[in-house]
Amino acid sequence: MWVDVAFNLPLREPLTYRVEGEVPVGVRVRAPVRGRVLTGYVVGVRGNPPSGVAPEDLKPVEKVLDEEPLFDGRVLSLAQWVSSYYLCGLGEALSAMIPGGRVQREAPVPYDEPAAYRRHRLSPAQREAVEAVLSCTHPMFYLWGVTGSGKTEVYLTVAEHMLERGKGVLYLVPEIALTRQVVETIRARFGQDVAVLHSRLTASQRLAEWRRIVRGEVRFVIGARSAVFAPIGDLGLIVLDEEHESSYKSGATPRYHARQVAMHRARTEGALLLMGSATPSLEAYHLMHTGRLPFFHLPERVAGGEPPRIEIVSLKDHPGPLSKPLLREIERTKKEGKQTILFLNRRGFAHYVGCRACGFEMTCRHCSLPLTYHRAEEVMVCHYCGYRTRPIDVCPSCGSVDVRYSGPGTEQVEKQLRETFPFYRIARLDTDTARKKGVLERVLEEMESGQVDVLLGTQMIAKGFNFPRLGLVGVVLADTGLHMPDFRAAERVFSLLVQVAGRAGRFMPGGRVVIQTYLPDHPGIVCAREHDLRRFYEEELEVRKETLFPPFSRLVRLVFRGRDERKVERDAGGFASLLSADLPEGVELLGPAPCPMERIAGNYRYHLFLRSSSLAPMHGLLARTLPLFRPSSGVHLEVDVDPVQVV
DNA sequence: AGCACGCCGACT
DNA sequence: GTCGGCGTGCTC
Ligand SMILES: [Zn+2]
Ligand SMILES: [Zn+2]
């Protein structure tokens, strides 16, 4: 017989091979492609050789790797949908979906929150929510509720109902939230018939979990982004917790978004997609408020508690890194016998090193980005490519000694803290300090038992506020990212602040939140202080409407990158003219232009955008033009449908 | 993606 | 005269 095999290559069509005996669709095989032997997926079997290729040209499969198929027709048609929606090869789609098809990057280790989850009786609001979800006839439903409003209990109760009806359940959480605690909670409630698809498992462990799902041994799957492809049969429910999280978007081809894939699965497999967040994405909010997404608002915390008082401190009036008002709050908190958490999403000492006399800036030699000064190691580091070089105290351009180190990072804030409060116990958690195994756990333990007065950290500590003596949360700089030409920057800042305030309110009743910023009038910051979500969403929607960005349009981003800037620019321009020659009605072509981060790790980057009110004409255009275009040697083209990252 | 083929510039 | 760059085609 003959088999059609899809490889992890940007090929349009599968290749056909000869094979001895019966081989089913869904197994992996090793087969020769142009001299080298690659692993591919059998996506079709045939009794006769295909027409168009001479039968004697068909090579034999070298080895059949699986006895049992890894996927069925349903998974295959999902792969076909991914390949046409995200414009990649079928084999590339399958490789992203099935464990072992890709070398996955080690994910950051999330830590467990100490407090165990206990099963509660449903509050009246939760009961109402469950009923609304279960009576929903639409394929999607949104649960909008602050941290601590009991969304998890609603998800799990709905899941229970689905399992009782014999339906499969897929439970998606952001990678960072996939803690042992969460998994144990689920296992405690649903028994051992739960599969976990973790990116920190080894490839073979993940494949073993995948096989258990294929065989129908488990009916409940929990996992992060890529678990959205889990081959659960008779799917009844997909939970997408923290819907707004950008980690649901893949950073490699195919650049799929778990929310988009989940929507497609819900529609085609007759399941319900239940999303939830305290801060819905603007896309979700827009759908809800135009009647296209039924939702339920969980209005308050199950355990009661007031939202925390939020104070905004302008760094223009009160110089930092830690302003006088914030330092006073830290001191007061300590005097009350309580603890402080400080956030700053920048590690290192200074993020900008430059000359005051001539304006020279110390940038990476491989990237168009400033280098960060790391004081402990006495070195300048590029956070994008890892390039390291020696710090300067004399300007290499003009010889002046007036060299300025600005843009404080966690190292510098730690220094200021220790100088201001020499007797406080201060701990810092960022990738630099937590690199050593066990440090993270130890520091969090010390924090919990009250041996730390001030905990300073990056994103790493954003999820955990569950410390009994916590009295103050400080955001050292709220405006990170707001200077970038990124239409989602405001949304991200707002979302982060509301999430921080929400967790502070949940775990720190009567506590205080201080937000430092250079932009005290920024709507994202003002609305977060006022707890006025509606106003932020409405104002931001107005901005998106005027500028015609999502949710008022759909985007496709095309990024060209390579070492030779002239070739990159030429290819971007060449493809742009190919597109504009065939541009359908209602599709706009923006660019080409250098990306805001125009050089990373030695690669120059240019991008162009297609914009339209719907994806269909852009899909059509790209399906026609991409096969006609081939980047020059040394230039790579990446297609990003519904981009999240635009710099 | 990666690898072979083949065509033109510059270097022993 | 050849070496090697890269644009082009193709992979069962
Ligand atoms: Zn760099
Ligand atoms: Zn200078």
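Numbers restart at 1 for each chain; the letters A, B, ... are given by sequence-line order, proteins then strands.
In this structure a side-chain-to-backbone donor-acceptor pair under 3.5 Å is missing from A:Arg265 to A:Gly270.
Checking C:dG9, B:dA1, C:dC6 against every side-chain atom of A:Pro10, the shortest atom distance belongs to B:dA1. Checking C:dT8, C:dT11, C:dG7 against every side-chain atom of A:Ser632, the shortest atom distance belongs to C:dG7. Taking the side chain of A:Leu11 as heavy atoms from C-beta on, and the options C:dT11, C:dC6, B:dG2, the nearest nucleotide is C:dT11. Closest to the side chain of A:His636, from the set B:dA1, C:dG7, C:dC10, is B:dA1. Comparing C:dG9, C:dC12, B:dA1 by their nearest atom to the side chain of A:Lys59 picks out C:dC12.
The cationic atom of A:Arg599 (NZ for Lys, CZ for Arg) lies less than 6.0 Å from the six-membered ring centre of A:Tyr604 and within 45° of the ring axis.
Between the CG atom of A:Leu58 and the C1' atom of C:dT11 there is a distance of 12 Å, rounded to whole Å. Distance CD (A:Glu56) to P (C:dC12): 14 Å, rounded to an integer number of Å. Atom CZ in A:Phe7 sits roughly 8 Å away from atom C1' in C:dC12 (whole-Å rounding). Distance CZ (A:Arg34) to C1' (C:dT11): 5 Å, rounded to an integer number of Å. For the pair A:Glu62 CD and C:dT11 C1', the computed distance is 16 Å after rounding to whole Å. Between A:Leu628 atom CG and C:dG7 atom P there is a gap of 18 Å when expressed in whole angstrom units. For the pair A:Asp571 CG and C:dT8 P, the computed distance is 11 Å after rounding to whole Å. Following rounding to the nearest Å, A:Arg566 (CZ) and C:dC6 (P) show an atom-to-atom distance of 12 Å.
With hydrogens and angles left out, the side-chain atoms of A:Asp4 and A:Tyr41 include no donor and acceptor closer than 3.5 Å.
Ion pair A:Glu283/A:Arg488 flagged as a salt bridge, since at least one NZ, NE, NH1 or NH2 atom sits closer than 4.0 Å to an Asp/Glu carboxylate oxygen.
When every heavy atom of A:Asp432 is checked against every heavy atom of A:Gly348, the shortest pair comes out as OD2-N, 4.1 Å.
Residue A:Arg630 places a side-chain atom within donor-acceptor reach of the base of B:dG2, judged by atom type and a 3.5 Å distance cut-off alone.
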Please tabulate, for the side chains in residues 86-96 of chain A, all donor-acceptor contacts under 3.5 angstrom to protein atoms that are two or more places apart in sequence or on a different chain.
unit_1	atom_1	unit_2	atom_2	d
A:Tyr86	OH	A:His257	N	3.1
A:Glu92	OE1	A:Gly89	N	2.7
A:Ser95	OG	A:Gly91	O	2.7

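For A:Gln499, the side chain to side chain donor-acceptor pair (under 3.5 Å) test picks out A:His244, A:Thr279, A:Arg503, with sequence neighbours left out.
At a non-hydrogen distance threshold of 4.0 Å, A:Leu15, A:Thr16, A:Tyr17, A:Pro32 from residues 13-32 of chain A come into contact with DNA chain C.
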